[in-house]
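A quick write-up on the structure given underneath.
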There are 2 protein chains.
Amino acid sequence: MSLPHPETDQITLPNVLAALGDDTRLAIIGCLARCDASGGLVCGQFSGLTSKTNLTYHVAKLREAGVINVRPEGTKRRVTLRRDDLDQRFPGFLDSVIATAIDLPAVETTMRELESTTEPGSA
Amino acid sequence: MSLPHPETDQITLPNVLAALGDDTRLAIIGCLARCDASGGLVCGQFSGLTSKTNLTYHVAKLREAGVINVRPEGTKRRVTLRRDDLDQRFPGFLDSVIATAIDLPAVETTMRELESTTEPGSA
DNA sequence: TATCTTGTTCAATGGATATTGAACTAATGC
DNA sequence: GCATTAGTTCAATATCCATTGAACAAGATA
C-alpha cells in the first residue's frame, strides 16, 4: 500500500457516512460491489461518472474514509472495497448500502459501458 | 403530521446517507435510538448539541430525508425515528448505524444531561 | 529516448451547507 | 391579557465541498 489508508480501527462511522453521502461516490461503491469478486476495478473504468480529475478527488475521499483500498498497478490504480474491514467495524452496514447502491442508474450505465468495451475472454 | 414528511417509498439512500453524514445529526439519531422506546424526544432535549436555531435546521434535514418523524405537541416538537420505514426501504441499515451512533461521545454527554434534569417518576 | 497511458497536483471557481443572532409565531399557564 | 416556553424564519456569514482546466509525474511500450 503506497497510498495512505486508515487502519481498520481508525475507520469511523461519521467519516464513512460522509464519504458515501455523495452520488458519484455511492455509484463508485455500487460498481465495485458488482465487480469486487472479479478483482475490483481501476480508476479509469469509472470515467463514465465524471472527469478524470474529479475521480481522483472522489476516490481519495473514499480511500481516506477507509471504504476502499487503492493499490498502484503500473500507471493504473486498482480499487477494491474494504469489505472485511467494514464488516468488522460496522456489521451489516456495507451489505445494506450495497443492496441499494448496486441498482443505482449511474451504476447500470457505467457497468453497461464496461461490458461493451471488455474483450470476451480477458482476465 | 402537519410538517412535510416524505412517503416511505420516496426515501432514497443518497439522501439518507447525506443526512447522516454530519456529526450533529448523527448524534441526534444516537439519542433517539436510546429513547425511542420511551416515546422519543423533543427538540429542546438536544440543546446540548448546538444552538436552538441550528437544531431547527438539522432536525428539518433529518425529517426531509425521511429519517425521523416530527410531530407538534403543544409548543414542542416530538421527534421519533422512522424505524419501520427505514427497515422496509434499507433492511439492516438503520440497526447497523445505530449500533455505532448510540455510543458517540456527544450522545453520552447529551443523555447524561437529560438524566440529570429528568424528574424521577415523570411520564 | 520518445511517446502514450493513467492518474495526480494545483489554483481557481461555484455552489451548497452549517452556523449565528435578531425578530418573530404559536401554544401554555397564570 | 400577559408573560413564558418552544421553536421558526430570515438574512448574513463562513466554511466546506465538488468541479474544472492546465500542467505535471510515473510507468509502459516501442
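First the proteins, then the strands, lettered A, B, ... as listed; each starts at 1.
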Nearest whole Å is fine: how far is [N] [atom2] from [X] [atom1]?
X      : N       : atom1 : atom2 : result
R77(B) : dT9(D)  : CZ    : P     : 9 Å
N15(A) : dC16(D) : CG    : C1'   : 14 Å
D22(B) : dT15(D) : CG    : P     : 17 Å
E64(A) : dC17(D) : CD    : P     : 11 Å
F46(B) : dA6(D)  : CZ    : P     : 15 Å
K76(B) : dA6(D)  : NZ    : P     : 5 Å
R71(B) : dA27(C) : CZ    : P     : 16 Å
L20(B) : dT17(C) : CG    : C1'   : 16 Å

Nearest-0.5 Å distance that lies between atom SG in C35(A) and atom CD in Q45(A):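 These two atoms lie 7.0 Å from each other.
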Spatial distance of atom CD1 (I68(A)) from atom CD1 (I29(A)) [nearest 0.5 Å]: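 Going from the CD1 atom of I68(A) to the CD1 atom of I29(A) covers 6.0 Å.
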Any H58(A) side-chain N or O less than 4.0 Å from OP1/OP2 of dT19(D):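 Yes, H58(A) has a side-chain N/O under 4.0 Å of OP1/OP2 on dT19(D).
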Candidates dT8(D), dT9(C), dA18(C) - which lies nearest the side chain of T56(A):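 Closest of the options to the side chain of T56(A): dT9(C).
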[X] to [Y] - nearest heavy-atom pair and separation:
X       : Y      : value
L81(A)  : L32(A) : CG-CB, 3.8 Å
P6(B)   : I11(B) : CG-CG1, 4.3 Å
M111(A) : R34(A) : CG-CD, 3.7 Å

Residue met sooner reading DNA chain D from 5', once C43(B) and T24(A) are mapped to nucleotides: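 Between the two, 5'-proximity favours C43(B).
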Under the side-chain contact (heavy atoms from CB on, under 4.5 Å) test, residues paired with T12(A) that sit two or more places apart: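 Only P14(A), N15(A) meet the side-chain contact (heavy atoms from CB on, under 4.5 Å) criterion with T12(A).
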Let me have the donor-acceptor pairs involving side chains of residues 92-102 of chain A, under 3.5 Å, with sequence neighbours excluded, atom names and distances please.
unit_1, atom_1, unit_2, atom_2, d
S96(A), OG, G92(A), O, 3.3
S96(A), OG, F93(A), O, 2.7

Where protein sits on nucleotides 20-30 of chain D, one letter per nucleotide: B base, S sugar-phosphate only, - none, heavy atoms under 4.0 Å: BBB---BBS--
Sugar-phosphate, base or nothing in reach of V59(A), heavy atoms under 4.0 Å: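 No contact at all - V59(A) keeps every heavy atom at 4.0 Å or more from the nucleic acid.
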Sugar-phosphate only, base, or nothing, as touched by R78(A) at under 4.0 Å among non-hydrogen atoms: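 R78(A): no heavy atom of the nucleic acid under 4.0 Å.
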